Amino acid sequence: MEIRIDEKLCKGCYICINFCPRKVFTISNELNDKGIYPSKPEKAELCTYCRICEFMCPDQAIVVIKK
């Protein structure tokens, strides 16, 4: 499983963090170009490919790829 977050699109709403049933995401320690701490997949190995994060992201910043 690969989870990609486009930090240029992420606005820091953290919907992915709140909706992920497996708690895969956390807040990054690094600011993006907008001055926001974007989400990051910290525990990608827990991902079950439900793609809730991808569907809920209002900015389409998340892509989940099943390998």
Side-chain angles (χ1 to χ4, degrees):
M1 202 68 50
E2 182 179 356
I3 303 169
R4 294 183 189 167
I5 297 180
D6 186 336
E7 291 187 4
K8 292 180 182 178
L9 296 177
C10 181
K11 66 180 177 193
C13 68
Y14 309 126
I15 288 174
C16 55
I17 293 173
N18 293 317
F19 279 89
C20 179
R22 301 295 300 232
K23 306 299 180 201
V24 169
F25 297 93
T26 190
I27 300 172
S28 175
N29 294 329
E30 297 180 24
L31 293 171
N32 65 10
D33 293 340
K34 296 177 185 177
I36 294 168
Y37 293 99
S39 296
K40 71 175 185 175
E42 184 176 65
K43 300 175 187 171
E45 68 278 1
L46 298 178
C47 181
T48 61
Y49 193 64
C50 71
R51 298 175 63 205
I52 291 173
C53 58
E54 189 174 352
F55 298 128
M56 296 298 293
C57 181
D59 300 303
Q60 299 174 340
I62 301 173
V63 176
V64 182
I65 301 167
K66 191 172 186 177
K67 290 186 175 183

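A quick note: this is a predicted structure, and the numbers were derived from the prediction, not measured.
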If the threshold is 4.0 Å, N to carboxylate O, is there a salt bridge linking Glu45 and Lys43? no
Rounded to the nearest 0.5 Å, what separates atom SG in Cys13 from atom CG in Asn18? 8.5 Å
Interatomic distance, CD@Glu2 vs CD1@Ile65, rounded to 0.5 Å, equals 4.5 Å
Do Cys20 and Cys53 have side chains that approach each other closer than 4.5 Å (heavy atoms only, starting at C-beta)? no
Could you tell me the separation between the CD atom of Glu42 and the OG atom of Ser28, rounded to the nearest 0.5 Å? 10.0 Å
Which atoms form the tightest heavy-atom contact between Ala61 and Cys57, and what is the distance? N-SG, 3.2 Å
Tell me, do Ser39 and Ile27 make a side-chain contact under 4.5 Å, heavy atoms counted? no
Within-4.5 Å side-chain heavy-atom neighbours: Lys11 and Pro58: yes
Validation row: Ile36, Cys10 side chains within 4.5 angstrom (heavy atoms): no
Rounded at 0.5 Å granularity, tell me how far CE in Met56 sits from CZ in Phe19. 3.5 Å
Should Val63 and Phe55 be regarded as members of a common hydrophobic cluster, given that ILVMFWY residues are connected when their side-chain heavy atoms come within less than 4.5 Å of each other, either directly or indirectly? no
Same cluster for Phe25 and Tyr37 if Ile/Leu/Val/Met/Phe/Trp/Tyr side chains link at under 4.5 Å? yes
Heavy-atom side-chain contact between Lys23 and Leu46 under 4.5 Å: no
Donor-acceptor pair, distance only, cut-off 3.5 Å: does the side chain of Asn32 make one with the backbone of Lys34? yes
How many angstroms lie between atom NZ of Lys40 and atom CD1 of Ile3, to the nearest 0.5 angstrom? 13.0 Å
Should Ile17 and Ile62 be regarded as members of a common hydrophobic cluster, given that ILVMFWY residues are connected when their side-chain heavy atoms come within less than 4.5 Å of each other, either directly or indirectly? yes
OH of Tyr14: more than 12 outside heavy atoms within 6.0 angstrom? yes
Please confirm whether the backbone N or O of Val64 pairs with a side-chain atom of Glu54, one donor and one acceptor, at under 3.5 Å? yes
Could you give the distance from CZ (Arg51) to CE (Met1), rounded to the nearest 0.5 Å? 10.5 Å
For Asp59 and Leu9, work out which heavy atoms get closest and say how close. CB-O, 3.5 Å
Quick check on Lys8: does its NZ atom have over 12 non-hydrogen neighbours (other residues, nucleotides or ligands) under 6.0 Å away? no
